[in-house]
Every structure is written in structure tokens, then in C-alpha cells.
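Written below as C-alpha cells is the structure these notes are about.
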Amino acid sequence: MKVLGFIPISVWDLLDVAIISVFIYFVLRVLSGTKVIVLMAGITLLFLIGLIAKVLQLPSLSLLVSAVQTFGIVILIVIFQPEMRKFLMEMGSLPLVKFFIPEESVPIDEILSAIEEILRRRLGALIIIERRLSLRDFAEDTGVIIDGKLSAPLLVSIFDKRSPLHDGAVIIKNDRIIASSVMVPMSVRYRGTGARHRAAAGITEVSDAISIAVSEERGTITLFHKGEAYYNLTLERLRTYLERLLRYEKI
């Protein structure tokens, strides 16, 4: 096939353009509203300056731009780590990727039983369910590693006010409690709420985790996913959300 009568284009060329177009659209959609978009304009300008410097044969300017570009990539990765995590999280949620990922085996009944008892005792709790993106760094840097079999009595005992581990979050991975007393980044979107709910929202903004905040004062349940809050849930409503999000397989 020829465009304008003389430019040869094959089916593979069209496929190549289509894939690149979808990729660019996906990147812009994920990063829209973040500071990365503004920075991309600066990177584009820097690239144009480097191109002009090479065309005009300006060696000093070319060398300077080349050095900035080389070290700039490393600096960008460090500065924009949250945005990179968000991008990878969105990539991991694509249907094609999910096809190759085994179903999660989180014992929802144990979590619900624990929350029911926590509500009865008027305790507070922050439960984080780790998914594809590892939260091991948060667990090891700020928390107490447990790596124990998940059970309702163990969860309740951790959040008991007399327990030295009740402050902070519990991280769960499948049927294991990875760590307790974990400190996670707080959201800036929910400034009118308490620290527990801000932390519950914050971890879901930088990862694909699911978090559940139980309010000690109000006795309410709030679920957070991708930074969005689902307030005043009943235990049955919470079960519905968890089964839907975890591609639930009863164990």
C-alpha cells in the first residue's frame, strides 16, 4: 500500500504506529495532572536545544546538553518514583497482564471476622492488602516483621490497645500477615480526616494495594483503592468490594 501514491507503507508499519500511539496515550492518561507533564515539556525543549546544537556544530553546548541528558535520566527516576510506581501499577492492571497473574488467595472471611470483633471492641485498625507491587520496603523500614499465618484472632490481638504493635498498619499478602506497626505515606487529598484514613488513602495512591480503615471513634469501615474512598461500609458490602477487587477464590 502506498500513501500519496509514492510512500510505501506495510501492515506492520501501521501496526507499529498504532502500538506507539496507544502507548503514548496510555502514558499521558496515567500521568495527567501530575508534575511529570510539566517536566516533559522541559525535556522536549532540552532535546530540541541539543538537536540545534548538533546541527549548528556547537561542541560545548552539545557536550553540556548530553551530560544533562545522561545524568537527568537517573535523577528523574529518583524524583518521580511515586509517578513511576503509579505507571507500573496501571500497566499491571491491563487485562492482558492480568491473564498471566495467578488469582489472589486472601482469606476474606478471616479479615471480616477480625473487623467485626474490632468494631465490637471499639478499636481502630488499618489493614493493607498487598497485591502485585511489593510493600516490603515499607514493612522492613518502618514496621515489625511478623510473617505469620493470617487469622482473625491474630489480627484482633495486634490492634488491641494493650498490644505494642497496635499503632500503624498491618500488611497482608495472600494468607500471611507480613508486618505490623508499619508507617506508610499519608495522602494530601484527605486533609480533613484523621491520620489513619490519610495513611489508608496514601498507600493506595502509590501502589495497587487495597486498604481498610476502621475508625475507633465512629465505628465505621472505609475501603480505599487507587486513592478513592468508599465510606460507611457494612461487612457485607466490604465483602462484595474485596471479592470484586481480589478476583476472589474462596479458600
Side-chain angles (χ1 to χ4, degrees), residues 26-27 29-37 76-108 111 115 125-147 150 155 158 167-191 193-214 221-231 233 238 241-248:
F26 187 78
V27 170
R29 193 192 73 176
V30 170
L31 300 181
S32 62
T34 69
K35 50 191 175 183
V36 177
I37 296 298
L76 289 177
I77 293 175
V78 174
I79 294 177
F80 296 105
Q81 185 178 9
E83 284 77 9
M84 293 290 292
R85 290 174 67 94
K86 180 182 178 182
F87 176 71
L88 293 175
M89 176 180 68
E90 292 290 340
M91 290 291 288
S93 65
L94 291 174
L96 180 61
V97 177
K98 287 182 179 180
F99 179 78
F100 297 99
I101 298 175
E103 290 190 358
E104 296 164 277
S105 54
V106 179
I108 294 178
I111 295 176
I115 292 176
L126 174 51
I127 300 170
I128 299 172
I129 302 175
E130 176 185 316
R131 307 189 72 197
R132 290 175 292 276
L133 291 183
S134 174
L135 304 177
R136 196 78 187 184
D137 289 345
F138 294 111
E140 293 178 346
D141 293 345
T142 67
V144 177
I145 300 298
I146 294 179
D147 195 20
L150 172 59
L155 262 182
I158 289 174
D167 282 331
V170 160
I171 294 180
I172 293 172
K173 176 66 174 179
N174 287 325
D175 62 346
R176 310 287 294 180
I177 296 179
I178 303 300
S180 63
S181 299
V182 181
M183 299 293 110
V184 296
M186 292 191 180
S187 172
V188 297
R189 293 175 54 193
Y190 297 88
R191 299 194 180 189
T193 61
R196 181 180 292 117
H197 285 71
R198 289 179 62 193
I203 191 62
T204 66
E205 292 173 350
V206 299
S207 74
D208 60 347
I210 300 167
S211 65
I212 305 166
V214 181
I221 304 171
T222 306
L223 181 142
F224 291 88
H225 181 239
K226 293 186 177 181
E228 298 300 324
Y230 303 85
Y231 294 106
L233 300 179
L238 177 61
Y241 276 115
L242 291 177
E243 290 179 353
R244 183 186 307 161
L245 294 172
L246 293 170
R247 302 170 64 217
Y248 182 58

task: Can you measure from CZ (R198) to CE (M186) and round to the nearest 0.5 angstrom?
output: 6.0 Å

field: I177 CD1 to I145 CD1 distance, which is reported to the nearest 0.5 Å
entry: 12.0 Å

- prompt: Out of curiosity, I203 CD1 to D208 CG, how far, rounded to the nearest 0.5 Å?
  reply: 9.5 Å

query: If you take all heavy atoms of A139 and I178, which pair is closest and at what distance?
result: CB-CG2, 4.4 Å

statement: Taking every heavy atom of R131 against every heavy atom of K173, the minimum-distance pair comes out as O-NZ, 2.6 Å

message: Would the distance check show the side chain of S187 and the main-chain N or O of G202 forming a donor-acceptor pair, the cut-off being under 3.5 Å?
response: no

statement: In short, L126 meets A199 closest at the heavy-atom pair CD2-CB, 3.9 Å

- prompt: Any side-chain heavy-atom pair from L233 and I212 closer than 4.5 angstrom?
  reply: no

query: When rounded to the nearest 0.5 angstrom, what is the spacing between OG1 in T142 and CG in D137?
result: 10.0 Å

- prompt: Which value, rounded to the nearest 0.5 Å, describes the distance between S181 atom OG and I146 atom CD1?
  reply: 7.5 Å

- line: Closest non-hydrogen atoms of F224 and A229, given as atom of the first, atom of the second and distance, are CE2-CB, 3.3 Å

statement: One should read off an interatomic distance between I171 CD1 and R176 CZ, to the nearest 0.5 angstrom, of 15.0 Å

message: Restricting to ring-ring contact (aromatic ring centres under 6.0 Å, His included), what partner residues turn up for Y241, sequence neighbours left out?
response: Y230

